[in-house]
Amino acid sequence: MIMTTQTQKKPAPATAAARRQSSANLTGHRFAGPLFASPALIGLAIFLVAPFVLAVVLSFYRVQLNSPRPARFIGFEQYTRLFTDPDLSAAFGQALLNNFTFALIVVPVQTVLALGLAVLVNRKLRGMVVFRTFIFMPLVFPLALTAVIWRLIYSRGDEGLLNAIFGLFSGGALSSHDWLGSPSTALGSIIVMSIWQSVSFQMIIVLAALQSVPTELYEAASLDRANKWQQFINVTVPGIRNTLIFVALITTIFSFRLFDQVYLLSRSGSVDRGSTETVMTQIINTGFDNNNVGQAAAMTVIFMLIITVIAIIQRAAVRQRGGV
Amino acid sequence: MTMHKTMEPARRSSSMKQTRRWQTALHYLILTVVALFFFLPVYYLIVGSFRPSSEVLSGLSGFVPSNLSFDNYAGVFDHLSSDATGHFFQFALVSIIVTTSVVAGSLIVNSMAAYSFARMKWRGKKVLFLLVIILTIIPFEAVALPLYYMFSGQRDTIVIQAIPFIANAFSIFLFYTFFLDVPGEIEEAARLDGAGPVRTFFQVIIPITKPAFATVAILTFLSQWGSYLWPVLMVSDPTVRPLPLAISIFQNQQPPEWGQVLAFGTMFIVPVLAVFLIFQRWFVASISSSAIKG
Amino acid sequence: MTIPKSRRRAGIFAAVAAVSAAALTMAGCGAPDAGIAGSSVEAGSGEGTVNVWAVDGQAAENDALKKIISNFESSQSKIKVNLKLFPSDQYTKAVNSAASGDLPDVLAFDGPTLASFVYNGKMAPLKDSVSAETLSNQTDSIKAQNTVDGDVYGVGMMNAGLALWGNKKLLDSAGVAYPTTPEDAWTAEEFTGVLDKLASVVPGGKPLDLSEQYGFAGEWGTCCSAGPVIWSGGGTMLKDNKAAGALDSDANVKSLTRFASWKKYTDPNADGLAFPNGRVALSWVGHWTYPTYKALGSDLVSIPLPNFGKGTKTASGTYSWGMGATTKKGAASGKFLDFLMSDDSVRIYTDANGAPPATKTALATSSLYGPGKQLQLLGDQLSKACGPEEKITETCVSVTRPVTAGYPIVTDQVGKAEAAIYAGKDAKEALSAAARAIDQNFADNDGYRK
């Protein structure tokens with residue numbers, strides 16, 4: 001995932017040469033290198049790799065948390081059950097579908113929004129700091145609190161904030177809608193909430209990229225009589241292409257990890273679980289609420305494989321310029 | 001923060017200046033609408049925390065600042081006033097200790113690893129770095145269960161709430177990005193001065209990549225402060241309970257004390273807002289000062 | 001790459017193997033104490049500090065509990081109490097995740113979770129620690145909840161009552177006559193007509209509150225809406241430890257579908273204040289709202305839940321108190337439990353939260369639930385106890401939820417099914433899927449037999 005923007009290409013040979021020279025002369029790197037990296041790597045090994053391996057191991061057992069019954073080895077049964085049991089496979093498939101729908105909508109929308117917001121905020125206007133802070137605010141909201149506030153917003157009665165706002169603007173013509181309970185709008189509601197929470201994170205990254213597009217390119221384009229839109233398409237977008245790809249990639253990964261808001265929302269009120277359940281909420285529900293640790297582990301393994309494949313495909317499809 | 005000229009060439013006719021004014025006004029309008037969209041729930045949270053619970057969910061009037069008082073805040077502290085329930089400041093202290101430990105540990109450990117990947121040459125580096133990138137895919141929730149299984153003998157400590165989050169693949173990746181931008185000449189100069197890799201890193205690299213550290217600090221703080229799942233699994237003792245676990249107490253009252261929930265929430269986000277406001281200048285500057293490199 | 005491929009692969013293999021070995025070892029070391037089937041209570045000296053765990057409830061309840069504890073401590077000098085309160089959504093996890101050495105001496109538990117706590121080795125039988133007098137003073141319906149496999153594991157200060165609270169003013173203005181005894185309960189068909197009439201006297205046209213804001217997907221669904229509806233319709237959730245054929249019976253399909261048809265009359269009640277604020281005329285909720293609802297004064301009436309065919313039914317059961325399986329202070333804990341069950345303590349607690357007392361002596365002298373008192377209906381319903389599902393008759397009213405260690409999966413699935421049906425899904429499908437999931441889980445656990 002190495003990407004360079006155009007501005008950095010020129011000094012590269014000089015840096016590389018310096019790098020080669022300094023590392024060739026420092027034999028300490030043979031020890032210093034691994035030494036520097038080892039605390040983090042050990043931490044990752046214990047707290048990320050090991051539990052993941054354990055999840056894989058657990059997926060071959062029938063095991064319950066805190067149960068007096070010992071774990072029982074059952075081979076691939078958790079996996080076959082996941083694919084052949086009509087209830088389980090339907091639920092898992094539905095959750096996967098929700099995740100994909102979510103990602104397919106959120107990734108482009110959030111990336112474009114991030115770009116749009118960054119462009120908006122990229123002007124030297126008075127009070128820009130204030131606007132930037134406001135837009136960044138949702139990020140400081142803990143996910144649990146986001147769920148609480150948006151539950152109140154989406155409440156299906158007339159007092160729900162969203163219904164009240166629509167009622168006001170439509171003069172009472174629009175009747176109150178069950179945003180979270182109706183399968184057609186449930187996932188959409190969660191999407192809006194999720195975008196609200198995280199778009200500013202991507203916006204900041206795109207903003208930084210925008211600011212490093214060399215101004216000479218814009219001046220040259222305007223001398224060529226290009227209007228603002230043409231400049232945007234031909235100068236801005238190519239200049240931040242790598243960043244946009246980066247943003248799209250991390251948004252994809254994060255969107256599959258969607259859990260907290262959905263889990264908290266779905267436990268309250270009349271949320272339609274079918275259209276909002278994600279694979280992560282299902283995993284937690286299976287493991288903790290239904291106390292079926294082996295099944296949850298199998299689902300985790302399959303899910304990780306799917307995401308890895310998606311990430312690889314995404315990288316292969318949209319190569320970064322100058323990237324590895 | 002680098003600012004380049006706007007995309008408009010200089011024009012002199014007054015009608016064009018008029019257009020510019022319209023465009024600026026439109027610009028502000030759009031900005032305001034957008035900012036409102038993001039800010040409205042925050043406003044609702046803060047205003048609602050000062051209003052009676054019964055008026056919180058009454059449609060649009062929930063936004064009107066009337067009947068303001070500190071009752072909800074008093075209610076929160078009242079409820080959390082004994083050793084049995086745990087005290088608000090106790091929860092806050094636990095959260096602060098855990099979060100700052102994670103941030104501090106994270107800054108040290110992940111930056112060192114990233115520097116080693118970015119600037120040092122050693123066997124197996126490429127493979128391990130690839131592994132680190134792949135690890136960014138794994139969400140915590142996916143390994144929460146097995147982690148619980150592994151460490152259920154170490155529950156109810158502050159240490160166990162912090163340690164699993166110190167090493168972080170995404171932070172390593174971010175640091176790596178910033179370190180690649182450091183010009184090689186600087187390190188060359190340090191080497192000529194006789195500095196080994198340790199001294200180079202701590203005395204040369206860190207000072208000039210401070211914005212990177214600020215970035216990772218904010219992001220880590222953000223994600224740790226609201227961490228809920230792991231403490232729920234690992235903490236029963238009120239004396240080591242962090243703040244996010246206590247919010248449900250107010251929701252489960254009969255009827256739910258929404259005002260107190262919002263008061264709790266407001267107090268909850270204040271430290272984060274403070275951290276952000278302090279660091280936000282560095283944050284934007286840090287990302288913008290380096291072209292994003294991976 | 002400087003490392004030849006085969007060596008690199010071997011290196012990675014070794015690393016993975018080492019990590020797995022480490023993981024498994026840690027799993028072994030850190031595994032929660034499995035296999036503690038029985039309990040190991042020691043009577044102890046009858047002195048010392050007793051650790052008590054309970055749920056962080058309403059402010060008034062917490063205060064009452066603290067008052068009772070301070071009364072206990074001042075009534076004798078040998079035993080002190082160390083109370084810990086937990087947010088209710090984490091309580092079950094806290095108990096289940098506690099290692100046996102960390103279990104408290106005395107703990108509260110939500111009735112239906114008792115069987116699974118016993119199964120997981122967290123609770124101790126009470127008979128050697130709590131006085132016989134205390135045990136015999138327990139009402140029948142709470143005894144049904146607190147007895148697992150013939151042994152008594154809990155004693156309760158309170159029970160729970162469910163009812164349809166009514167706003168007399170609105171009912172009268174709509175010309176609706178309402179029943180006040182279980183025998184006269186509205187039939188489900190009549191109830192639809194009642195809702196129709198009431199829709200015109202409330203702003204917003206939604207006169208019914210089903211406590212939707214609690215979420216049917218959780219325990220509220222199973223205990224207090226799906227449960228009574230199913231039982232009143234003549235069905236059960238389980239039969240002979242199986243769900244298929246019982247949960248997905250046609251009777252249940254019919255009664256739950258009828259229940260879901262009332263959604264259009266139902267206020268979502270996100271703020272929990274629909275009834276006191278006059279947005280609804282009927283509120284289907286438990287006794288715990290009485291402290292708020294009594295503001296209606298004489299306009300507050302209690303009405304039995306609708307009758308779906310086999311007589312009106314409600315659920316009973318709520319938090320009770322038991323002993324930790326590994327306590328070393330059995331005698332002291334028993335004394336504390338005895339004190340909790342004394343008339344004075346029960347009165348303090350139930351006055352604070354408006355719950356029906358669960359001891360015979362306190363119930364008889366209750367100012368709210370006795371004969372002729374305002375909440376007599378709820379008290380009556382509890383004394384007409386059915387016991388568990390298998391023993392339901394037409395005339396009994398309050399039913400104990402299934403006493404099985406598999407209750408967590410039962411409630412999860414029943415709640416999920418109810419929420420789906422309420423959202424419009426086909427009842428037969430939802431219930432069959434739930435039944436299959438329950439049975440599969442029971443099969444995986446050998447029926448939860450020890």
Side-chain angles (χ1 to χ4, degrees), chain A residues 1-5 7-8 15 18-19 22-23 28-30 32-34 36-37 39-40 43-44 47-48 51-52 54-55 120 124 131 134-135 137-140 142-145 149 152 159 164 168 205 208-209 211-212 215 218 222 228 231 243 246 253 257 259 280 287 296 300 307-308 311, chain B residues 2-5 7 9 30-31 35 38-39 41-42 45 57-60 109-110 112-113 115-116 120-122 133 135 137-139 141-143 145-147 150 164 166-167 169 172 183-185 187-188 191 196-197 222 226 228 244 247 261 265 269 272-273 276 284 287-288 291-294:
Chain A
M1 263 208 262
I2 321 262
M3 41 189 183
T4 51
T5 62
T7 49
Q8 289 292 336
T15 347
R19 232 183 285 166
S22 48
S23 60
H29 279 191
R30 205 175 300 160
F36 264 53
L44 287 176
F47 296 105
L48 205 49
F52 187 66
L54 185 58
L120 257 184
K124 195 174 180 182
F131 286 112
F134 275 17
I135 296 179
M137 270 205 186
L139 265 186
V140 312
L143 295 172
L145 205 54
I149 297 280
L152 295 177
E159 342 72 57
L168 185 70
I205 298 179
Q211 288 169 353
S212 50
T215 55
Y218 287 115
S222 69
K228 280 230 285 282
Q231 288 180 26
T243 305
F246 174 67
I253 292 181
R257 291 163 58 151
F259 166 71
M280 283 312 318
T300 305
I307 300 183
T308 310
Chain B
T2 57
M3 283 310 293
H4 53 262
K5 291 234 171 67
M7 303 186 230
I30 299 179
L31 264 177
F38 287 104
F39 184 63
V42 179
L45 169 78
L57 191 67
S58 33
L60 284 177
V109 149
N110 294 320
M112 284 171 59
Y115 182 67
S116 137
M120 299 186 187
K121 196 167 150 117
W122 45 285
I133 294 184
L135 287 179
I137 295 179
I138 304 184
E141 292 82 10
V143 295
L145 253 175
L147 259 184
M150 283 162 68
I166 292 184
I172 295 179
E185 297 86 45
E187 284 161 288
E188 181 68 19
R191 184 186 67 79
L222 269 176
Y228 178 83
I247 201 176
V261 172
I269 68 173
V272 194
L273 269 176
F276 170 66
V284 177
I287 298 201
S288 68
I292 304 279
K293 297 183 80 161

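Letters A, B, ... are given to chains in the order of the sequence lines, protein chains preceding strands, and every chain is numbered from 1.
Only the side chain of A:Ala296 comes within contact range of chain B, with heavy atoms under 4.5 Å apart. Residue contact with chain A, scored on non-hydrogen atoms closer than 4.5 Å, involves the side chain of B:Leu222 exclusively.
Heavy-atom minimum distance, B:Pro146 versus A:Leu54: O-CD2, 3.6 Å. Between B:Ser116 and A:Gly33, the shortest heavy-atom distance links the atoms OG-O, 3.1 Å. Between B:Pro197 and A:Phe36, the shortest heavy-atom contact is O-CZ, 4.0 Å.
Chosen from B:Leu45, B:Leu145, B:Ile30, B:Val261, the residue pairing most often with chain A at heavy-atom distances under 4.5 Å is B:Leu145. Chain A forms more heavy-atom pairs under 4.5 Å with one residue of B:Leu135, B:Asn110, B:Ile172 than with any other, namely B:Leu135. Between chain B and the options A:Gly43, A:Gly287, A:Ala40, the largest number of non-hydrogen pairs under 4.5 Å is found for A:Ala40.
The CD1 atom of A:Ile135 sits 6.0 Å away from atom CG of B:Leu31, with the distance rounded to the nearest 0.5 Å. Atom OG1 in A:Thr308 sits 7.5 Å away from atom CD1 in B:Ile138 (nearest 0.5 Å).
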